[in-house]
Structure formats: C-alpha cells, structure tokens
Amino acid sequence: MQLFKNSDEIIFAAGFLRQSGLNNIKSELKTFCNDKKKKSTFFIGTGLGETDPKTLEELHSIIKTKENHQLILCTPDAGIFHSKIYVFRKETTVTILIGSANLTEAGWVVNDEVSMLTQTSTHAADYLQLTHYLSHLHKSYYTKDILGLILKYKTQLEQFNQNHSKKPVFKFKRTQQAEILGIDLPMLRHYYESYKKSKEFIKPSTRENQYILARQNLDRLASDEPLDAVQFHDLFGPLVGHAGYEKLWHSGSIHRTTHITLQYADAFRELVRVVKDNSINTVDNAFSNVMHFLNTKRKSKEIFGIGENIMTEIMLSYNFQKFPNLNRNPLTVLSIAGSNFKAAGSFKGADYLQYTLLLTKIKDDLKMKSFLEIDSFFNYVYWIDN
C-alpha cells in the first residue's frame, strides 16, 4: 500500500470487483481522495455478474464528492471486460502492475496469480501506448450518470439471479486427500490463513463468550419461570439482534424474520425446551426430533419466523462442540469447495449428520476447537466470494 501513499495518480482497470477487494484498499483510498491534488480512475467490468453492485455503490460513494476521481463501468456489447492493470504515477515516474488478478481478495491473496511490475516514465513509449488504451476505455464507457448505470446493473443482476438457480461449482482435484474428502482442502487452508490475518477475524473466545450468554438466556426461556412480553423480549431480542439489544448469535438478517415470533413466545419457549432435552442425543436424532417438533408447530401455525437457521443456532448454543449451524452461508462455501448439499429446508437427520461429519473433518484439519470457529470462518469466505 506504500504505492498509494507515494502516488499523485492511480488508475485501476479490473475485470471485476468484490467487497473483499475494496476492503483491501478502502482505508488508503479514502486518505488518497482527501488530498485535492490526487487523481484516480477506476475502470471496472461486470464480468458475468461477478462484480458486486453494492461494492460499486460504495466505491462510488467514496469518490463521488471528490474532484479528479472517476468510476467507469466497462460493459462491452460482446464478451466481457477482462483487463487487470494497476497504475501508480508519482510526478513523471510510473509504476505499472499488469497480470491476472482482479480486484478481489481471491485475486490479491488466495488464488495462484501472476503480475509483472514495471517502472517507466510518462514520456516512455510503453506508457504512451497504455494511456492510449485507457483513453479508449474512457471514450467508450464514460457516463456522467454512473450511479444510474450501477442501479440498472444491480436490478438486472437481481432479476437474473431470481430466475436462475445457482449451479454447483466444478473444480478438478488432483490430490487424493481432496478426492477422499470431496472438498478442496488446500483452498480452504489458503482462505483460512487469509482470514486469520484479516480485519474480519473473530477471536474464538469472543464467540464462545457470546454463546455462553446466549445459553443463559435460553435456559431462562426453557424454564418454568413466568415471563411477560417485555421479559420475553429482553431474553429473545439479544439472541437475534433486535434493535436496542446487543446481538449474541452470529447469523445475519435473522432479526428481520423474528419480530413476529414475539407473538408466539410460548411456542418458542417450548421449542427451546425440546432442543435442550435433545442436546444429549446423537446429532442425527437430535436434529430429526427437533425438526419434527418445529414442522408440526409451523404446519399448525403455532409459530412463525423460526427456521433451520435459528433452530441450529439454539443447538449450537447448547453444545458448540457437537452441533454446527445450518444456513445458506456454509452450504455455499462447501459448494465452492466442491461438496454440494441439498437446501437447508430439505435436510433430514441423516443429511445433518453427514454435514456435521464433513465440517468436523474441515475443523480438525484447520485445527479449530469448535463449530463456532468454522461458522465465523465460513461467513468470511461467503462474503468475500459473493
């Protein structure tokens, strides 16, 4: 990042952009843009939908009020914009990186990429050739209404994703170990090393303390203690992260579906009792018994806002050495790593057991102590890859 600090102008041309890539440069970019003498241009492609619209919006928000800073969305009619060029100019001295890495965590840290670094001057023929290409990009794709174009891309991508289910990811595995486990362990190890060094790393003790507090709330909910509506919310709200409460569970967005659950306090308390009673059973039997109870309650419309995610959050709270959380994030990461499971809503006890056994192998390989650690790690991989 020293190149940022030493440059008067930066030019990035990347095939696609993800939040993880912006996170790698965000702090330096904000400082860079605050200097009125600096200049930056970002040429970003959309790939085949790989570029994250929200990240484009955030990049735009960083530079939109600054002079001499532009974001240009490169969208050719045929094929995709696939350049990976990073230019840093200090007066007449220019440092150029050209290679294979997109502006993502995978491109900059995880993948096996290659880039060539050269240093030249603003008068050299190679730099003049490059500026000619960049001028062509600017002429072809520049628009004053860049935010409008981003919103159009975001809308079309959302509509496309709604109409097309995500295909499983194929990856050829050359090692016997990866073939036996059915997953790409080397890739996960690489991601894990990146995670431990990232700002998103969560200390295992921090998560454990949160889930110990969650278990204390659940124990009161499972008890015969009379609770009025306010007392119930004071125990339930922190679990799911309702407004005004410090969130204890790690799953995202569960606060959105659970306000209606406040109207079904008795059924939720009964669910907690069933989970607690079944926590001594085998993994598959515990899951089957609790799901049977939950589905019965849902079918008779006696509980709302509760699904497999929250149910396994309760199981995880009672024994984070035994039960893993189940939601879209870990299932997506396992798919990226080469192992595909059915949707969480279709899981039976046998499916949850196989899922648990696979996560146990990964956890042990990465020398993690609990399913809380793998849950934090998988959330990191999910968000840098989506």
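- There is no path of hydrophobic side-chain contacts, each under 4.5 Å, that joins L147 to I62.
- Looking only at atom types and distance, the side chain of N295 has a donor-acceptor partner in the side chain of R298 under 3.5 Å away.
- When all heavy atoms are compared, the tightest approach of N102 to S83 is OD1-O, 4.4 Å.
- With rounding to the nearest 0.5 Å, the separation of CG in D184 from CG in L334 is 12.0 Å.
- Within a 6.0 Å sphere centred on NZ of K38, other residues, nucleotides and ligands contribute more than 12 heavy atoms.
- Through side-chain heavy atoms spaced under 4.5 Å, either directly or across other Ile, Leu, Val, Met, Phe, Trp or Tyr residues, L48 is tied to I80.
- Not a single donor-acceptor pair under 3.5 Å links the side chain of R18 to the backbone N or O of W383.
- Within 6.0 Å of NZ on K152 lie no more than 12 heavy atoms contributed by other residues, nucleotides or ligands.
- Atoms CG and CD, from L71 and E57 in turn, are 11.0 Å apart once rounded to the nearest 0.5 Å.
- Transitive grouping of hydrophobic side chains (ILVMFWY, heavy atoms separated by less than 4.5 Å) brings L213 and I254 into a common cluster.
- Considering all non-hydrogen atoms of both residues, A14 and Y86 come closest at CB-OH, 3.9 Å.
- Judged purely by distance below 3.5 Å, without hydrogens or angles, the side chains of E113 and S100 pair a donor atom with an acceptor atom.
- Using a 4.5 Å cut-off between side-chain heavy atoms of Ile, Leu, Val, Met, Phe, Trp and Tyr, with links allowed through other members, I336 and F16 fall into different hydrophobic clusters.
- To the nearest 0.5 angstrom, R328 atom CZ is 11.5 Å from S251 atom OG.
- Residues L271 and I280 do not share a hydrophobic cluster, clusters being chains of Ile/Leu/Val/Met/Phe/Trp/Tyr side chains in contact below 4.5 Å.
- Note on ring orientation: taking the six-membered ring where Trp is involved, the planes of F341 and F347 are tilted (angle from 30° to 60°).
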L294 and V274: CA distance, side-chain angles, deciding distance, side chain to side chain contact (heavy atoms under 4.5 Å, CB included) verdict: CA-CA 9 Å; L294 178 60; V274 171; over 6 Å; no
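- Judged as a salt bridge (charged side-chain N to carboxylate O under 4.0 Å, His left out), and not counting sequence neighbours, K54 has no contacts.
- S335 places no side-chain N or O within 3.5 Å of a backbone atom of N340 that could act as its donor or acceptor partner.
- Formation of a donor-acceptor pair under 3.5 Å by the R89 side chain with backbone atoms of D8 is not found in this model.
- Between the side chains of D219 and Y318, at least one donor-acceptor pair of N or O atoms lies under 3.5 Å.
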Pair N278-N285, side chain to side chain contact (heavy atoms under 4.5 Å, CB included): steps then yes or no: CA-CA 8 Å; N278 276 275; N285 285 336; 6.0 Å; no
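- Counting heavy atoms from C-beta outward, I310 and W249 have side chains that approach closer than 4.5 Å.
- Within the 4.5 Å cutoff, the side chain of Q156 has no heavy atoms near those of the F160 side chain.
- With hydrogens and angles left out, the side-chain atoms of Q159 and N163 include no donor and acceptor closer than 3.5 Å.
- Taking the side-chain contact (heavy atoms from CB on, under 4.5 Å) definition, one finds that N34 meets it with K66, sequence neighbours left out.
- Cluster membership for F232 and Y245, using ILVMFWY side-chain heavy atoms within less than 4.5 angstrom, is not shared.
- Shown here are the salt bridge (charged side-chain N to carboxylate O under 4.0 Å, His left out) partners of E158, two or more places apart in sequence or in another chain: there are none.
- Summarising the geometry, atom OH belonging to Y211 is positioned 6.0 Å from atom CG belonging to N325; distances are rounded to the nearest 0.5 Å.
- For the pair P226 and Q231, the tightest heavy-atom approach, listed with the atom from each and the gap, is O-OE1, 3.8 Å.
- The aromatic rings of H233 and H242 sit perpendicular, their planes meeting at an angle over 60°, well past the 30° parallel limit.
- Remark: Q162 CD to L157 CG distance equals 10.0 Å, nearest 0.5 Å.
- Taking the side-chain contact (heavy atoms from CB on, under 4.5 Å) definition, one finds that H123 meets it with T92, S121, sequence neighbours left out.
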Pair T41-Q70, side-chain hydrogen bond (donor to acceptor under 3.5 Å, both in side chains): steps then yes or no: CA-CA 5 Å; T41 308; Q70 291 184 342; 4.8 Å; no
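- Judged purely by atom type and a 3.5 angstrom limit, K369 has no side-chain atom pairing as donor or acceptor with the backbone of E373.
- Residues F320 and R215 approach most closely at CE2-NH2, 3.6 Å, considering heavy atoms.
- Grouped by direct or indirect side-chain proximity (heavy atoms under 4.5 Å, Ile/Leu/Val/Met/Phe/Trp/Tyr only), Y127 sits with I11, F43, I72, F81, I85, V87, V94, I96, I98, L130, Y133, L134, L137, Y141, Y142.
- When all heavy atoms of E308 and M291 are compared, the closest pair comes out as OE2-CE, 3.5 Å.
- A distance-only check finds a donor-acceptor pair linking the side chain of Y352 to the backbone of P324 [under 3.5 Å].
- Side-chain atoms of N209 come within 3.5 Å of backbone N or O of S205 as a donor-acceptor pair.
- Shown here for I303 and I306, the closest heavy-atom pair between the two residues is CD1-CG1, 3.9 Å.
- To the nearest 0.5 Å, atom CD1 of residue I374 and atom CG of residue N379 are 11.0 Å apart.
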